Each structure stands twice: as C-alpha cells, then as structure tokens.
Amino acid sequence: MQTRAEIRKHIRLSRQQLSLQQQQVAAEKLVEQVLLLPQFNTSQHIALYLTNDGELDTSLLIQALWQLNKQVYLPVMHPFAPGYLLFVAYNKNTLLQANKFGILEPYPECQHIIPLAKLDIVFTPLVAFDNKGNRLGMGGGFYDRTLSQLPNKHATELVGLAHSCQQVAALPTESWDIPLNTIITPDKIWQFS
Ligand SMILES: Nc1ncnc2c1ncn2[C@@H]1O[C@H](COP(=O)(O)OP(=O)(O)OP(=O)(O)O)[C@@H](O)[C@H]1O
Ligand SMILES: [Mg+2]
C-alpha cells in the first residue's frame, strides 16, 4: 500500500492535470448530483469550499444554492484556535481575503459565524477517498479537528466532493480521521451511513 504522502502527491497531480473543459463538465454534473441527494430538500445551512489545486469546482453549485435560497457558509481558519475551522456565511456581497495558503475566506465577523452543529450539510474537499467513505485531505488536519467537535455526527451530513480520478482502492487511515457519510463524484453518489 502507498503511504499517505505518496497518495497525496500522485492524486493531486492527476486532478491538477484535468482540462478546463473537464472541470467545467464536472462542475455542471456536480450540481445535478447534489440536487439528487436525499437530504438536500430538508437542508438549509450548507457549508462548501472555494476551489483550489484542481479540486472539484463548486462555483456553479454555490450559484444554484443561492438561487434556491439556501444559506451557504465557507471555512475560515480560526484566528484564535490554530488548526480549527470556523464556518462563515457567504453571499454575493461577502468580502473575501486570502489566507496563508492563498485560499479566499470571508472575514470571520461574529454575527456571520454559524455554530458547527447548526450546519445541515458540510461538503468537504478531499485529495483521495476509498469505497468505505475514508477521506484523505491535504494534510493539515483542519477538517478532522473541526468535525471531531460535532456533538452528534448523524445530525450533520458529511459529504466529500471529488473527481472520479481521486478514488483509490484502500486508504491508510489514522485514529483521528473523520470518515464521510457520503461522497459525490460527477457521476455517482456513494452513501455509507
Ligand atoms: N482531532 C484532532 N486533534 C488534534 N490533532 C489532530 C486531530 N485530527 C487531526 N489532527 C492532526 O492533524 C494532522 C494532519 O492530519 P491528517 O493527515 O489526517 O490531515 P488531512 O485529513 O489530510 O487534512 P484535513 O482534515 O485538513 O483535510 C495530524 O498530524 C494529526 O495529528
Ligand atoms: Mg485526516
């Protein structure tokens, strides 16, 4: 089995090599898949991410959610608790600033922060996944740390978004890795619990 570092390197390279057209098609299919998600209609507060490093493009999905009057939130690196994420409301007028990784984030103003447990769905980026719902991220542990604080994991749907090329046969996991309930690729919804 490859190490986590080897898998990250190899899969990041494959997704960075997807063409703009492949990314565009994937973004359109993602919207269709998310609308088919059984939990979608009853979900109002939805965390997403802005695309980086060849990740599945969420821009069309965010537009679709705004049109459906869903509340969208983005992860922000916690200013006082290193390694943790806050989720902050995101709409058409939200001002964004780049964090230390160059990823755009809203300003973490108190009145725009949602408590983690109030999120109905958290869509996470990922580097690699397997057919058991295991997730390998970029290696910061940000989602693992933050999601470990959920009081009742079953009340929040944890959904990984990925290109099909990010699937691996089996991921080496660690005790702190938080598995996903669902993984969505442009062609398929995988539900694990
Ligand atoms: N709940 C936690 N408490 C403390 N440290 C943690 C926790 N979860 C993960 N970490 C630390 O974070 C580091 C990176 O974890 P890991 O390799 O699983 O990241 P990742 O899942 O790829 O990243 P991310 O969650 O940001 O997508 C590890 O060294 C691990 O010890
Ligand atoms: Mg992890």
Side-chain angles (χ1 to χ4, degrees), residues 1-16 18 26 30 34 46-58 61-62 72-88 90 96-106 108 113-117 119-185 190 192-193:
M1 197 188 264
Q2 286 183 303
T3 65
R4 286 158 72 98
E6 285 165 348
I7 296 171
R8 281 195 185 95
K9 193 169 164 197
H10 157 223
I11 303 275
R12 284 184 63 192
L13 205 60
S14 344
R15 73 179 184 189
Q16 286 163 9
L18 294 168
L30 171 64
V34 169
I46 300 177
L48 260 158
Y49 61 88
L50 296 181
T51 307
N52 176 44
D53 195 57
E55 290 164 350
L56 190 48
D57 180 350
T58 55
L61 177 56
I62 291 172
V72 177
Y73 302 83
L74 292 178
V76 173
M77 288 170 66
H78 200 297
F80 312 121
Y84 287 83
L85 300 170
L86 289 171
F87 289 94
V88 179
Y90 177 48
L96 300 171
Q97 61 184 347
N99 67 19
K100 68 172 182 184
F101 298 111
I103 300 171
L104 292 175
E105 300 180 334
I113 298 171
I114 184 168
L116 186 62
L119 287 167
D120 299 307
I121 305 179
V122 177
F123 286 106
T124 80
L126 56 84
V127 175
F129 69 96
D130 66 14
N131 65 5
K132 294 197 173 76
N134 293 313
R135 168 184 183 279
L136 185 73
M138 293 279 270
F142 289 94
Y143 280 94
D144 287 324
R145 264 186 222 94
T146 306
L147 298 178
S148 73
Q149 302 218 310
L150 272 173
N152 176 2
K153 293 198 172 51
H154 294 291
T156 309
E157 192 63 20
L158 304 181
V159 182
L161 301 182
H163 297 283
S164 314
C165 67
Q166 292 173 242
Q167 185 182 359
V168 298
L171 271 181
T173 55
E174 297 285 357
S175 56
W176 59 78
D177 285 324
I178 304 280
L180 299 161
N181 310 119
T182 301
I183 291 170
I184 299 183
T185 62
W190 315 59
F192 305 101
S193 53

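Note that ligands are numbered from 1 as they come in the structure, with each ligand's atoms numbered from 1 the same way. Small disclaimer: the values here were computed from a predicted structure and weren't measured. In what follows, residues are counted from 1 in the order of the sequence shown.
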Proximal ligand 1 atoms for [X], defined as those under 4.0 Å from one of its heavy atoms:
X: Phe142; result: 24 (P), 25 (O), 26 (O)
X: Gly141; result: 12 (O), 14 (C), 15 (O), 19 (O), 20 (P), 23 (O), 24 (P), 25 (O), 26 (O)
X: Arg4; result: 16 (P), 17 (O), 18 (O)
X: Gly139; result: 14 (C), 19 (O), 20 (P), 22 (O), 23 (O)
X: Ser148; result: 1 (N)
X: Arg135; result: 21 (O), 24 (P), 25 (O), 27 (O)

Any N/O/S of Glu174 under 2.8 Å from the Mg ion (ligand 2)?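 No, Glu174 does not qualify, because none of its backbone or side-chain N, O or S atoms lies under 2.8 Å.
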Does some side-chain heavy atom of Leu161 sit less than 4.5 Å from a side-chain heavy atom of Tyr49?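 Heavy-atom side-chain distance check passes, below 4.5 Å.
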Counting C-beta onward and ignoring hydrogens, is there a side-chain heavy-atom pair between Val122 and Phe87 closer than 4.5 Å?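 A side-chain contact under 4.5 Å exists here.
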Looking at every heavy atom in both Arg135 and Ile178, which two are closest together, and how far apart are they?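 Closest approach of Arg135 to Ile178, heavy atoms only: CB-O, 4.4 Å.
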For the residue pair Tyr143 and Phe123, what are the closest heavy atoms and their distance?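 So the minimum-distance heavy-atom pair works out to OH-O, 4.5 Å.
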How far is [atom] from its nearest protein heavy atom, and which residue and atom name does that atom have?
atom: atom 10 (N) of ligand 1; answer: Arg145 NH2, 3.8 Å
atom: atom 28 (C) of ligand 1; answer: Trp176 CZ2, 3.6 Å
atom: atom 21 (O) of ligand 1; answer: Asp144 OD2, 2.9 Å
atom: atom 25 (O) of ligand 1; answer: Tyr143 N, 3.0 Å

Which pairs of donor and acceptor atoms, one on a side chain in residues 72-85, lie under 3.5 Å apart (sequence neighbours left out)?
from  : atom 1 : to    : atom 2 : distance (Å)
Tyr73 : OH     : His45 : ND1    : 2.8
His78 : ND1    : Phe80 : N      : 3.0
His78 : ND1    : Ala81 : N      : 3.0

Min heavy-atom dist Glu174 to ligand 1 below 4.0 Å: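 Per 4.0 Å heavy-atom rule, Glu174 does not contact ligand 1.
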Report the atom name of the nearest N/O/S atom of Asp144 relative to the Mg ion (ligand 2).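 The nearest such atom is OD2.
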Under 4.0 Å, heavy-atom basis, I'd like to know which part of Thr124 is in contact with ligand 1: side chain, backbone, both or neither.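 No part of Thr124 is near ligand 1 at this cut-off.
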